[in-house]
Amino acid sequence: MMSIPGGTLAGTGRVAALVALALAVGACSNIRDQLGLGKNPPDEFKVVTRAPLSLPPDFSLRPPAPGTKRPQEETAQERVKVALYGKLSPAVDDGSRSTGEQALLAHAGTAKAQPNIRRLINDENLLYADEDSSFVDALIFWHDKTPTGTIVDPAKEAQRLQEASALGKPPTEGETAIIKRRKKAILEGIF
């Protein structure tokens, strides 16, 4: 008898479907990679940056000869001049400018430049700097400043002076009537 019950064929079909499904799921990553859909990041250890090729700016630059003066070193006199007068202004011609640079500077009027212009500008802007700081202080410290000194109570002081003159005493005798300020609470004036 070669009869196969219906349940066994159905069970064999199920097993075959599960095996096919397992093979398809296992091959998914390979299929994605072959189709170009998978992620393929570069290996960060194999990425190498190379410096661009460049030529030196001046082929005629040679190492200094022993015993010659080096251009970056200053003498003591030059250091004293820099300490006293500051760096040379652009109007001073030290002979290192080309004729084109000299013509450009002459056309710009650098020979007429005031040597102490920086000091003049700082003096003129000092007024604005003081005003700006008071504006910023008013924004940050928005409370009114308490006036310094003592405040004389005019009504009580007038009464004291009248009493002193009525009694024939000098006006400097006795205590001056002053207004005493009370201390403000921490949150007073905020709301």
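Note that these values count all heavy atoms, side chains included, but never hydrogens, waters or copies made by symmetry.
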Value for OG1 (Thr110) from CD (Gln102), rounded to nearest 0.5 Å, stands at 10.0 Å
Interatomic distance, CZ@Arg119 vs CD@Glu124, rounded to 0.5 Å, equals 13.0 Å
* Asked: Under the 3.5 angstrom rule, does the side chain of Glu101 hit a backbone N or O of Ser98 as a donor-acceptor pair?
  -> yes
The reported gap from CG in Leu105 to NE2 in His107 (rounded to nearest 0.5 angstrom) is 11.5 Å
### Task
Give a yes or no on whether the backbone of Pro171 and the side-chain of Arg160 come within a donor-acceptor separation of less than 3.5 Å.
yes
dist Leu161:CG -> Thr172:OG1 (nearest 0.5 Å) comes out at 10.0 Å
Nearest heavy-atom contact between Pro170 and Ala164 is O-CB, 4.2 Å
- Query: Just wondering, more than 12 heavy atoms not from Glu78 lying within 6.0 Å of its CD?
  - Reply: yes
